[in-house]
Amino acid sequence: MNRREMIAGCAGLVGLSLIAPADAADSLAQGDAALKKWLLEECQMEFYHLGIPTDQEMKWDTYLENLKLHIMEYDNDPFGIEWMKFEPGAPFPEIIIKRPHVAFKIANFDEAVKRFKLLVPVSHPRPGMKTCFIEHKGIGIEFVSK
């Protein structure tokens with residue numbers, strides 16, 4: 001079983017359905033064939049990780065003080081899950097703090113963020129990395145540029 005299959009199995013446990021990038025792009029494009037093609041070809045939209053918030057204590061890999069966020073990196077989880085623990089006052093909407101999210105790596109990040117309504121504005125959580133969140137069908141979708 002590869003990492004993507006393991007993540008999909010875990011996602012089923014929390015009520016998410018992970019789909020192929022082509023299906024995700026189709027859903028995000030809402031019938032706009034040109035936007036779907038652009039997401040797949042220009043942005044090279046690629047599944048990146050599944051993020052799950054928790055209130056449990058873990059051995060955290062990263063603490064982002066400006067975001068009041070503890071993270072167990074998905075590379076360090078055997079199932080490829082990014083575990084997150086938000087401190088009180090973390091600058092995220094409840095949909096991100098309370099519900100899982102799916103992240104996609106986007107090659108044309110700056111242009112992609114112009115085409116969607118942002119739930120969480122662009123941030124630079126680490127050197128050389130940009131992220132933002134949009135909302136889609138009640139969950140957060142994270143765009144990542146790395």
Side-chain angles (χ1 to χ4, degrees), residues 1-56 58 60-62 64 66-87 90-146:
M1 179 181 292
N2 67 32
R3 178 172 283 225
R4 182 167 283 151
E5 291 167 335
M6 287 190 297
I7 293 170
C10 290
L13 295 175
V14 296
L16 288 176
S17 174
L18 294 183
I19 53 180
D23 293 334
D26 188 46
S27 187
L28 288 173
Q30 298 180 5
D32 182 338
L35 179 56
K36 176 183 177 181
K37 181 178 179 183
W38 182 80
L39 283 166
L40 293 171
E41 294 177 9
E42 298 286 326
C43 291
Q44 302 168 15
M45 189 172 166
E46 173 186 329
F47 176 77
Y48 194 61
H49 69 260
L50 171 68
I52 300 178
T54 184
D55 59 1
Q56 297 179 20
M58 298 184 179
W60 302 106
D61 300 316
T62 303
L64 301 173
N66 62 324
L67 299 176
K68 298 181 179 183
L69 174 61
H70 299 269
I71 298 173
M72 177 188 285
E73 304 293 343
Y74 76 94
D75 284 336
N76 295 330
D77 181 83
F79 296 100
I81 297 170
E82 175 189 62
W83 292 97
M84 306 169 303
K85 183 176 180 186
F86 296 91
E87 292 182 351
F92 291 92
E94 189 170 319
I95 192 172
I96 302 301
I97 292 172
K98 302 271 184 188
R99 302 183 85 183
H101 73 269
V102 178
F104 289 92
K105 190 173 176 183
I106 302 289
N108 197 347
F109 183 88
D110 293 332
E111 188 61 33
V113 299
K114 294 177 188 176
R115 296 184 182 220
F116 295 93
K117 181 180 176 192
L118 299 183
L119 180 64
V120 175
V122 174
S123 68
H124 303 268
R126 298 182 186 98
M129 181 181 198
K130 293 187 260 187
T131 68
C132 70
F133 285 85
I134 64 170
E135 181 180 351
H136 183 68
K137 297 184 180 180
I139 67 164
I141 305 292
E142 182 180 15
F143 288 164
V144 177
S145 173
K146 201 170 181 185

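Worth knowing before you read on, the calculation uses all heavy atoms, side chains too, and leaves out hydrogens, waters and symmetry mates.
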Grab the two heavy atoms, one from [X] and one from [Y], that are nearest each other, plus how far apart they are.
X: Val102; Y: Phe47; result: CG1-CE1, 3.6 Å
X: Ile95; Y: Gly138; result: CD1-O, 3.2 Å
X: Glu42; Y: Ala107; result: O-CB, 4.1 Å
X: Ala29; Y: Lys36; result: CB-N, 3.6 Å

**Message:** With no hydrogens and no angle check, just 3.5 Å: does a side-chain donor-acceptor pair link Ser27 and His136?
**Reply:**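 His136 and Ser27 do have a side-chain donor-acceptor pair below 3.5 Å.
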
How long is the gap from [atom1] on [X] to [atom2] on [Y], to the nearest 0.5 Å?
X: Asp26; Y: Asp32; atom1: CG; atom2: CG; result: 10.5 Å
X: His70; Y: Trp60; atom1: NE2; atom2: CH2; result: 7.5 Å
X: Lys85; Y: Ile71; atom1: NZ; atom2: CD1; result: 14.0 Å
X: Met84; Y: Met58; atom1: CE; atom2: CE; result: 10.5 Å
X: Asn76; Y: Glu82; atom1: CG; atom2: CD; result: 11.5 Å
X: Ile96; Y: Leu69; atom1: CD1; atom2: CG; result: 11.0 Å

N/O donor-acceptor pairs under 3.5 Å from side chains in residues 139-146, not counting sequence neighbours:
from: Glu142; atom 1: OE1; to: His49; atom 2: NE2; distance (Å): 3.2
from: Glu142; atom 1: OE1; to: His101; atom 2: NE2; distance (Å): 3.0
from: Lys146; atom 1: NZ; to: Tyr48; atom 2: OH; distance (Å): 3.0

Can you list, pair by pair, the side-chain donor-acceptor contacts under 3.5 Å of residues 118-133, counting residues two or more places apart and other chains?
from: Ser123; atom 1: OG; to: Thr131; atom 2: OG1; distance (Å): 3.2
from: Arg126; atom 1: NH2; to: Glu73; atom 2: OE1; distance (Å): 3.4
from: Arg126; atom 1: NH2; to: Glu73; atom 2: OE2; distance (Å): 2.6
from: Lys130; atom 1: NZ; to: Asp110; atom 2: OD1; distance (Å): 2.8
from: Lys130; atom 1: NZ; to: Asp110; atom 2: OD2; distance (Å): 3.1

**Asked** How would you list, by chain and number, every residue that makes a ring-ring contact (aromatic ring centres under 6.0 Å, His included) with Phe86, sequence neighbours excluded?
**Response**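 Phe86 satisfies ring-ring contact (aromatic ring centres under 6.0 Å, His included) with Phe92 only.
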
**The single option from Ile52, Asp61, Leu50 passing side-chain contact (heavy atoms from CB on, under 4.5 Å) against Trp83** =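 Of the listed options, the one satisfying the test is Ile52.
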
**Side-chain heavy atoms of Cys43 within contact of Asn108, under 4.5 Å** =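 A side-chain contact under 4.5 Å exists here.
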
**Request:** Might you work through the side chain to side chain contact (heavy atoms under 4.5 Å, CB included) test for Leu35 and Leu28, ending with a clear yes or no?
**Result:** CA-CA 9 Å; Leu35 179 56; Leu28 288 173; over 6 Å; no

